[in-house]
Amino acid sequence: MSQKETMQFQTEVNQLLKLMIHSLYSNHEIFLRELISNASDALDKRRFEGLTDAKLIENQGNPEIFITMDAEQKTLTIRDNGIGMNRDEVIENIGTIAKSGTKAFLEKLEENQKDASNLIGQFGVGFYSAFIVADKVTLTTRKAGEPEDSAVIWESTGEGEFSLENTSKAVAGTEITLHMRDEHINLLNEWSIRSIITKYSDHIAYPVMMEIERTKTVPAEQEGEEPTTVSEIEIEQINSATSIWQRDKKDVTDDEYKEFYKHISHDYADPLLWSHNKVEGKVNYTSLLFVPEHAQQNMWEQNQDYGLQLYVRRVFIMNATDKLIPRYLRFVKGVVDTADLPLNVSREILQSSSTLDSIKQGVTRRVLTMLNNLATGDEKEKYATFYKEFGRVIKEGIGEDASNKENIAKLLRFASTKNDAEEVSFADYIGRMKEGQENIYFITTDNLNTAKNSPHLEIYRSKGYEVILMTDVIDDWMMGFLSEFEGKKFVNIAKGDVNLDDKAEDEKKEKPELTNEDKAIIDKITNVLGEKVENVKVSKRLTNSASVLVRNEYALSSHFEKMLKEAGHDVPSMKPWLEINVKHPLVERIARETDNAIADDLAMLIYEEALLLEGSQLENPSEFVNRLNRLMK
Ligand code: ADP
Ligand code: MG
């Protein structure tokens, strides 16, 4: 059936097209970058699939991208002999917007039209940019490995619908013809196209060829006759087609690195930093690694693709392979090219390859070094940008990558009792420790305010110890894997007995004996609280507050336990103990109070205060309020 069929674009496509044509008017040249980039992706795919299915690369010829123009017809054509598409794929890929980011893209675009050109690539809506310069686009494509007459013609004016028609195409691949809008026919000349390609697509690893019309003057054969001009078509390669990572890094400009990054990452912004290295040794490879400036929207999703592009001897093997980089560095983009794997490397080989394992180790170290250099260098703000976006992700590495734990720990930044901003490193902390201090003190809560006002801090404050305030949910989990840093032990001040390594103080201090009054009050409160706490103790850590809850060294902190429970995990509850400040007026009053009902209310109240101060919820808020009201009467 070769009948022409008309189909509607998905609503979002219409919306997108309208916005794009408007907002990208001044940046219209990016359409070519997008189409060449798609052609390059299609060539990559065909090459890779051809490794395991030779049928797909039969009669392919040289993989290349071909550009022709016809000033009379006002058309520009981009042709590739890549993987192509079958009918269903055409409908799926360029009739709908299957990608979840598109809605967000549209919202952002409406918000800020200026950034549109940058946003386009990120959300993978590149193909539609053709309509910025064209009022009709005709795409003819045949999928590699499928018969000649399975080709399709897709055509649209970008106004709500497209048509599809079966056709026959001699070779596999895709050909896209743009019928240029009148205001853009001035692009249809060699120099305009050449300069756009050199600006945006020079790094494309496949040759971008162009048909160029040259007029030559032929001298007259006989005297007295006029010389004649003839025009000839020449075919010339426009881009350099050397992959950027193969080049010597001193020959690559920053702008070239940035364009390349945008090409592989689909990001709209420039990368924050990059590192380009040739590694020779047990395993030989070249890596070009980029750290983005912004996290991708799906960074926290469980199964998103991440990883680096793998090339073997400059032949593209696969995209986004997590075999080259650990999950906690999933924001890193880049390329690894090695000569130490076979070209026909299969997925099975990739599953367990010691070559890949060594590359992964090398790449991981390289990224951590690059980040550490940034962290310790002069560009503090740049590091803060990085940390804001990716600080939480690298924390996963503390638990997942034992061999690099120390290097990851160097990258971490926190607030502390001496600095509210998230910028204290463990090294900073150690650098200003008190004389004789052996431990790094920290507390984990779910927000800075709770941390700063925690009763646990009182004794440390009064003795002039700095305490690191950790406020990410992941921190508690992470600190379970970190017992020391540069020889100093980590101590969570909300867990276990106070253990100040304050030697001078310790000597002065007598072993504190419990007085009879202390014992009496402990009994009183224990009776009231019953099973709510493990036990009740006289506190050494409180100076201002009446009470505080303390957890066992091996217990989870309260907010982390709560989070796990909410996420449906079965966590054994470990009861905290309650420490009381026997010098506090409220506690003294419990001791003195002769009315048992009031004493009981007060005892319960100091427990509830402790819960509130650690950021926990009350078991029964209305009872708490009633109790307060009774006491205030
Ligand atoms: P993206 O490149 O980010 O996926 P595009 O809008 O640029 O988004 O392209 C959409 C899809 O259309 C591509 O993912 C690809 O499947 C298909 N496509 C576009 N151009 C070509 C081409 N030249 N050859 C084969 N498939 C193509
Ligand atoms: Mg694209």
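Here the structure is a predicted model, which is why all the values come from computation and not from measurement. When a ligand or atom number is given, it counts from 1 through the structure's own listing order.
- Using the six-membered ring where Trp is involved, His184 and His28 have ring planes that are tilted, between 30° and 60° apart.
- Considering backbone and side-chain N/O of Tyr128, none are found under 3.5 Å from N/O of ligand 1.
- No part of Thr141 comes within 4.0 Å of ligand 1, judged by heavy-atom distances.
- Annotation for ligand 1: atoms under 4.0 Å from non-hydrogen atoms of Phe127 are 5 (P), 6 (O), 7 (O).
- Ion pairing between a basic and an acidic side chain is recognised when a charged N comes within 4.0 Å of a carboxylate O; Arg214 and Glu190 show such pairing.
- Considering backbone and side-chain atoms alike, Lys45 places every N or O at 3.5 Å or more from each N or O of ligand 1.
- Salt bridge present: Glu256 and Arg247 bring a charged side-chain N and a carboxylate O closer than 4.0 Å.
- Heavy atoms of Glu34 stay at 4.0 angstrom or farther from ligand 1.
- Of the listed options Ala42, Ser129, Ala144, Ala42 places a heavy atom closest to atom 25 (C) of ligand 1.
- Here OG1 of Thr198 is found 11.5 Å from CD of Glu259. Values are rounded to the nearest 0.5 Å.
- Not one N, O or S atom of Ser37 sits under 2.8 Å from the Mg ion (ligand 2).
- Close N/O approach between Asp80 and ligand 1 is found [any backbone or side-chain N/O within under 3.5 Å].
- Residue pairs meeting the salt bridge (Lys or Arg N to Asp or Glu O under 4.0 Å) criterion with at least one partner in residues 15-32, sequence neighbours excluded, are Glu29-Lys199.
- The aromatic ring centroids of Trp274 and Phe260 lie 6.0 Å or more from each other.
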